[in-house]
2 protein chains.
Amino acid sequence: MSRPPRARELVLDAFERLLVTEGERAATMDATARAAGVSKGGLLYHFGSKDALETGLLERLHALVEEDLDRMSASTEGPVAYFVRTSAMSDDTLDRALVAVSRLAQGGHAAAGAALRTIRDRWADALRSHVASEAALDLVMLVSDGLYFNNALEGDGVAGPTPTGAAMDALVEIVTRAARG
Amino acid sequence: MSRPPRARELVLDAFERLLVTEGERAATMDATARAAGVSKGGLLYHFGSKDALETGLLERLHALVEEDLDRMSASTEGPVAYFVRTSAMSDDTLDRALVAVSRLAQGGHAAAGAALRTIRDRWADALRSHVASEAALDLVMLVSDGLYFNNALEGDGVAGPTPTGAAMDALVEIVTRAARG
DNA sequence: GTCTATATACAGATAGAC
DNA sequence: GTCTATCTGTATATAGAC
């Protein structure tokens with residue numbers, strides 16, 4: 001696991017942030033370089049093209065998902081509750097990367113769409129033995145998708161319709177109960 | 001209710017289709033004009049700016065939502081089942097418009113985001129008296145959001161993880177049961 | 001490793017002919 | 001109502017200096 005240069009990570013952070021808060025269109029190489037505090041030439045040393053920049057983001061996401069799968073299987077509240085609860089976090093590292101990649105996917109980037117499908121399958125596989133049926137699995141996955149979608153629509157962290165606090169507890173309760181069969 | 005010129009509707013159809021199948025970035029005025037079979041000047045006669053084109057799409061969506069709310073309240077299977085079931089249709093007029101507008105919203109278009117939030121509230125208000133609790137309402141809304149999100153990721157109609165046939169029946173059953181309390 | 005300067009392409013929009 | 005031609009800004013990418 002070689003440690004990537006810091007400037008490279010800063011560029012990736014800036015690209016991700018722009019995608020999440022202003023959308024694919026605003027996340028240009030120029031804007032990304034400016035937000036990362038480097039010149040366009042500096043950015044292009046680390047990522048030779050827009051495509052390389054996007055691929056860098058996909059690799060970051062895959063690494064974060066692996067870590068999350070580990071945490072999920074070790075969760076004391078159980079994988080289903082963990083999964084639903086963590087789908088609503090908007091300033092988490094993983095969730096920011098996930099929303100950023102979903103912006104790329106909706107912009108037509110084929111690799112981003114494929115990555116999201118693969119990731120969704122991995123989560124579903126990890127949850128399958130903890131739910132009563134395929135319909136229950138569909139339910140859990142769709143609630144999670146819904147939370148992400150709402151999250152993605154808010155963008156920069158403006159309060160939205162996503163349940164928090166007691167409302168989230170109640171949602172987790174009703175979903176886990178329905179999922180147990 | 002004055003009938004809009006046919007060419008205008010064709011332009012709107014093309015813009016919507018480009019947004020859904022290729023994303024916001026590809027849905028340029030040039031590409032839209034070409035897809036609609038008119039020149040750029042022809043398009044600009046009907047919609048004087050990109051913003052006017054986007055506003056035209058929002059107006060179309062609002063009209064389609066009004067019709068859907070009427071159908072929902074008249075549904076024999078019940079509003080909740082109707083709502084969940086129809087959230088998965090990918091080539092329906094309403095769903096195409098909804099996905100197209102969500103593409104705009106994710107691209108940072110403020111009015112598109114506000115429209116989606118308003119529409120979501122109207123659906124929630126229509127469902128509230130048919131579910132046992134606010135948590136149940138959250139559940140139903142989030143499953144619907146999840147279905148739309150998956151739909152939106154497929155884009156051009158490629159088969160995805162959205163439940164169909166018997167799997168959809170099972171999902172509707174488990175959601176309506178959970179929503180009854 | 002990071003910079004400036006520049007080439008090429010395409011976006012949204014205007015002017016005005018038919 | 002629909003067209004062509006054209007202006008201006010900005011996107012990605014290259015070349016090469018420091």
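Residue numbers begin at 1 in each chain, while the letters A, B, ... track the order of the sequences. This structure is a prediction, so every number in the text was calculated from the model and none was measured. Note that these values count all heavy atoms, side chains included, but never hydrogens, waters or copies made by symmetry.
Shown here for A136(A) and A179(A), the closest heavy-atom pair between the two residues is CB-O, 3.6 Å.
Distance OH (Y45(B)) to P (dT4(D)): 18 Å, rounded to an integer number of Å. Protein atom CG of L10(B) is 14 Å distant from nucleotide atom P of dG1(D), rounded to whole Å. Atoms CD (E9(B)) and C1' (dG1(D)) sit 16 Å apart, rounded to a whole Å. Here dA13(C) presents its C1' atom at 17 Å from NE2 of H46(B), a figure rounded to the nearest Å. Per the geometry, CZ belonging to F47(A) stands 12 Å off P belonging to dT2(C), to the nearest Å.
A salt bridge does not link E22(A) with R17(A): none of the charged nitrogens is closer than 4.0 Å to a carboxylate oxygen.
By the criterion of side-chain heavy atoms lying less than 4.5 angstrom apart, applied directly or through intervening Ile, Leu, Val, Met, Phe, Trp or Tyr residues, L98(A) is grouped together with L53(A) in one hydrophobic cluster.
Here the straight-line distance linking atom CG of L10(A) with atom NE2 of H46(A) works out to 9.0 Å at 0.5 Å rounding.
Among the nucleotides dG1(D), dT2(C), dT4(D), the one closest to the side chain of S39(B) is dT4(D).
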Exercise. What string of B, S and - do you get for nucleotides 12-17 of chain D, 5' to 3', when a contact is any protein heavy atom under 4.0 Å?
Worked result: BBB---

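Ring orientation note: the planes of F149(B) and F149(A) are tilted relative to one another, at an angle of 30° to 60°.
More than 12 heavy atoms of other residues, nucleotides or ligands sit less than 6.0 Å from atom CZ of R85(A).
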